[in-house]
Amino acid sequence: PTTLALVHTTTDQSGFYVSHEDRDEARLNMRHTRPSNDTTFNAIWTTLDRTALGTTTSTENLFGILQNFYRITPDNRVLLNSSLTFRDAKSNVFSSSGVDLSESLTWRHSDTFSTYYDLLLSQDKTENSSIDRTSVSAGLSHSLYENLVTTASVSANTSTIGEEDYGGNLNFSYQRSIPWGTIYASLGQDYRVTNRSYEVAFIQVVNEAHVLSTGDVTLLDNRNVDLSTVVVTSADGSIIYTRDIDYTLELIGTSVRISRTSIGAIANGDSVLVSYAYLSNPAYDSSDYEQSYGLGFYLWSAWRINYLYSHSQEEFISGIPPDVLAEEIRHTLDSDLTWKWSTTRLLYEDIESTTGVSTTRWRVEENLLFRPRENLFLSMSGYIGHNTFKDYGSEDDFYGFRADVQWRVTRWSKAKIEGFYDEIDGTSNKTKTMGTQARWEWFYGIWTGEATYRFLNEEDLLSNQNRDRQSIFFSIRRSLY
């Protein structure tokens with residue numbers, strides 16, 4: 001089957017800042033199925049003209065992926081997954097293109113033993129750089145009496161920026177029943193050698209993926225970033241976001257924290273791509289050794305407790321020694337208790353880092369679910385948490401709650417009403433977000449319909465900005481197969 005869709009969208013915004021968007025989108029989805037293999041081709045072409053604060057950004061994006069899943073043996077013990085990806089993004093601010101070719105072979109030798117073999121070739125281009133990468137890896141998994149699972153892998157990576165690495169890891173996962181439930185234990189060892197051959201220079205990073213969520217601490221992967229080179233786009237590359245309108249950048253030592261704003265176009269939990277240049281250290285060779293140990297319990301079919309300790313240490317081998325070698329110690333404790341209609345979750349994490357950001361964070365969450373009638377569901381949840389940046393005296397407090405009612409009105413329709421409130425009180429981020437949503441859905445044969453009303457109020461207390469957003473959405477769908 002083949003599906004072709006054309007979409008045109010126009011968006012106007014007024015208030016604290018004025019913006020206008022015109023977006024055209026064409027999507028093509030194709031699938032071909034045979035007894036031994038499945039082939040799919042998906043492509044999307046997008047043009048967007050966005051004007052915000054008097055500045056117009058025009059983008060044109062083309063993305064395509066061809067995938068083939070081949071069953072080499074009739075019993076599916078040997079499978080080959082191949083994919084070819086192409087992407088091209090052009091704008092008056094930033095342009096990039098890339099292509100990826102990957103091959104992944106999995107081989108299930110027996111019910112308890114399997115291996116895999118991967119190859120990835122990629123190329124990323126910008127107006128000022130071109131980076132080629134090659135990655136190869138192989139691994140195995142073995143299960144002993146369903147109690148002990150052993151995994152091991154080796155890999156090697158090389159790139160034209162003058163950096164290559166190779167190494168491997170070995171992991172053990174053990175579980176056993178005890179009178180009150182199950183006990184889990186894990187052990188992991190990872191060793192990797194990195195060779196660098198570049199001079200001190202700015203190195204380009206293209207499309208580094210991040211998820212921006214309320215209360216999370218999201219740092220760019222590299223330090224000493226040139227903030228003037230940072231470009232943030234949507235996950236599909238069609239939208240180039242505006243700094244201090246859609247997102248903010250905060251220097252924490254030599255690291256950079258990226259956060260969404262409450263009044264921008266990045267929704268809570270959205271994925272973004274970040275491109276930037278960072279100043280490298282002088283070339284040197286090093287090794288990294290990481291070890292991790294975990295212990296967990298699942299008790300009385302209701303209470304889960306997990307603790308994980310990890311320690312990574314960089315060792316200098318040759319070249320020009322950096323000012324500080326990387327070392328990180330991380331303690332993570334998480335637990336959840338489910339009893340009848342309630343679920344309580346706790347997360348605590350402590351990180352000590354010599355080259356990154358040392359933090360302590362905790363979060364407590366409570367979820368309640370009621371079903372007073374066969375066709376009526378009520379749920380409420382609340383959370384509270386705290387982030388501390390140890391070396392810089394910066395803190396974030398965050399909390400929120402939400403509630404919703406779901407009602408199956410008839411056999412062919414249902415309704416849902418939801419409300420929520422979120423607040424962040426931090427050194428560089430003080431926001432309040434609240435809203436409500438009402439939705440009605442109906443079903444009749446191959447037809448489905450939906451009507452939704454949404455209200456959202458977002459307030460930035462540091463800049464004294466406030467925005468109300470209301471939207472009404474209607475849809476009618478007809479499914480033939």
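Side chains included, hydrogens not; waters and symmetry mates left out as well; all remaining heavy atoms used.
Between His109 and Phe113, the angle of the ring planes lies from 30° to 60°, which puts this pair in the tilted group. A tilted orientation is assigned to the rings of Tyr383 and Phe398, their planes being inclined by 30° to 60°. Ring orientation note: the planes of Tyr309 and His311 are tilted relative to one another, at an angle of 30° to 60°.
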Side chain to side chain donor-acceptor pair (under 3.5 Å) between Asn171 and Asn169, intermediate numbers included: CA-CA 7 Å; Asn171 297 279; Asn169 63 71; 3.0 Å; yes
Worked verdict on Asp422 versus Thr433 for side chain to side chain donor-acceptor pair (under 3.5 Å): CA-CA 5 Å; Asp422 298 300; Thr433 305; 5.7 Å; no
Residue pair His331, Glu349: steps toward the side chain to side chain contact (heavy atoms under 4.5 Å, CB included) verdict: CA-CA 6 Å; His331 301 268; Glu349 185 175 60; over 6 Å; no
Trace of the salt bridge (Lys or Arg N to Asp or Glu O under 4.0 Å) decision for Arg361 with Asp350: CA-CA 7 Å; Arg361 68 186 183 107; Asp350 182 81; over 6 Å; no
Audit row: Glu352, Lys390, salt bridge (Lys or Arg N to Asp or Glu O under 4.0 Å) steps and yes/no: CA-CA 9 Å; Glu352 291 284 351; Lys390 301 180 182 179; 2.7 Å; yes
CA sep, side-chain torsions, deciding dist, call: Asn76, Leu79, side chain to side chain contact (heavy atoms under 4.5 Å, CB included): CA-CA 6 Å; Asn76 292 335; Leu79 305 172; 4.0 Å; yes
Candidate pair Asn157 and Arg192, rule side chain to side chain contact (heavy atoms under 4.5 Å, CB included), full reasoning: CA-CA 11 Å; Asn157 308 279; Arg192 184 159 298 276; 3.9 Å; yes
Criterion side chain to side chain donor-acceptor pair (under 3.5 Å) on Ser475 and Arg477, from CA distance to verdict: CA-CA 7 Å; Ser475 72; Arg477 297 182 178 89; 3.3 Å; yes
Evaluation steps, side chain to side chain donor-acceptor pair (under 3.5 Å), between Ser318 and Asp285: CA-CA 5 Å; Ser318 63; Asp285 299 338; 3.1 Å; yes
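Side-chain atoms of Ser186 never come within 3.5 Å of backbone atoms of Ser173 as a donor-acceptor pair (strictly under, hydrogens ignored). Of the possible polar contacts, none joining the Asp270 side chain to the Ile266 backbone as a donor-acceptor pair under 3.5 Å is found. At least one donor-acceptor pair under 3.5 Å links the side chain of Ser335 to the backbone N or O of Arg304. The backbone N or O of Ala326 lies less than 3.5 Å from a partner atom in the side chain of Glu314, making a donor-acceptor pair. Listed for the Ser159 side chain is a donor-acceptor partner under 3.5 Å among the backbone atoms of Glu163. Without hydrogens or angle criteria, Ser197 side chain to Gly162 main chain gives a donor-acceptor distance under 3.5 Å. Without hydrogens or angle criteria, Glu25 side chain to Ile44 main chain gives no donor-acceptor distance under 3.5 Å.
The side chain to side chain donor-acceptor pair (under 3.5 Å) check on Ser228 picks up Asp226, with sequence neighbours excluded. Scanning for salt bridge (charged side-chain N to carboxylate O under 4.0 Å, His left out) contacts around Arg223 gives an empty result, with sequence neighbours left out. Evaluation of the salt bridge (charged side-chain N to carboxylate O under 4.0 Å, His left out) rule for Asp100 yields Arg87 as partners, not counting sequence neighbours. For Asn306, there are no side chain to side chain donor-acceptor pair (under 3.5 Å) partners at least two apart in sequence or on another chain. For the salt bridge (charged side-chain N to carboxylate O under 4.0 Å, His left out) test, no residue two or more places apart in sequence or in another chain qualifies with Asp118. Shown here are the side chain to side chain donor-acceptor pair (under 3.5 Å) partners of His210, two or more places apart in sequence or in another chain: Glu208. For Ser287, there are no side chain to side chain donor-acceptor pair (under 3.5 Å) partners two or more places apart in sequence or in a different chain.
For the atom pair Thr233 OG1 and Leu48 CG, the distance stands at 11.5 Å (nearest 0.5 Å). If you take CG on Asp397 and CD1 on Ile384, they are separated by 7.5 Å, rounding to the nearest 0.5 Å. Taken from CD1 in Ile178 to OH in Tyr298, the straight-line distance is 12.5 Å, to the nearest 0.5 Å. Considering OG of Ser177 and CG of Asn147, their distance stands at 8.0 Å, rounded to 0.5 Å. With rounding to the nearest 0.5 Å, the separation of OG1 in Thr448 from CD in Glu450 is 8.5 Å. Note that CG of Leu337 and CD1 of Ile305 are 9.0 Å apart. Values are rounded to the nearest 0.5 Å.
Contacts classified as salt bridge (charged side-chain N to carboxylate O under 4.0 Å, His left out) and involving residues 60-72 (residues at least two apart or in different chains) are given here: Asp38-Arg71. Applying the ring pair (Phe, Tyr, Trp, His ring centres under 6.0 Å) test to pairs two or more places apart or on separate chains, none has a residue in residues 115-149. The salt bridge (charged side-chain N to carboxylate O under 4.0 Å, His left out) contacts involving residues 129-139 comprise Asp124-Arg133, where partners must be two or more places apart or lie in separate chains. Each salt bridge (charged side-chain N to carboxylate O under 4.0 Å, His left out) pair with one or both residues in residues 318-329, not counting sequence neighbours, appears once here: Glu328-Arg330.
Within a 6.0 Å sphere centred on NZ of Lys416, other residues, nucleotides and ligands contribute more than 12 heavy atoms. With a 6.0 Å radius and a threshold of 12 heavy atoms from other residues, nucleotides or ligands, Trp107 has its CH2 atom at or below the threshold.
Side-chain polar atoms of Gln175 and Thr182 form no donor-acceptor pair below 3.5 angstrom. Using a 3.5 Å distance cut-off with no hydrogens or angles, the side chains of Arg77 and Ser114 do not pair a donor with an acceptor. Using a 3.5 Å distance cut-off with no hydrogens or angles, the side chains of Ser102 and Ser83 do pair a donor with an acceptor.
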Just distance, no hydrogens or angles: give the donor-acceptor pairs under 3.5 Å from side chains in residues 288-296, sequence neighbours left out.
{"from": "Tyr289", "atom 1": "OH", "to": "Gln189", "atom 2": "OE1", "distance (Å)": "2.1"}
{"from": "Gln291", "atom 1": "OE1", "to": "Tyr293", "atom 2": "OH", "distance (Å)": "2.7"}

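Counting heavy atoms from C-beta on, the side chains of Ser275 and Asn207 come closer than 4.5 Å. Counting heavy atoms from C-beta outward, Leu66 and Asn68 have side chains that stay 4.5 Å or more apart.
Closest approach of Ala267 to Arg260, counting heavy atoms only: C-NE, 3.5 Å. Taking every heavy atom of both residues into account, Ser286 and Ile317 meet most closely at C-CD1, 3.6 Å. Heavy atoms only, all atoms of each residue included: Ile203 and Ser280 are closest at CD1-CB, 3.6 Å.
The side-chain tip of Arg196 points at the ring of Tyr284 from less than 6.0 angstrom away and within 45° of straight on.
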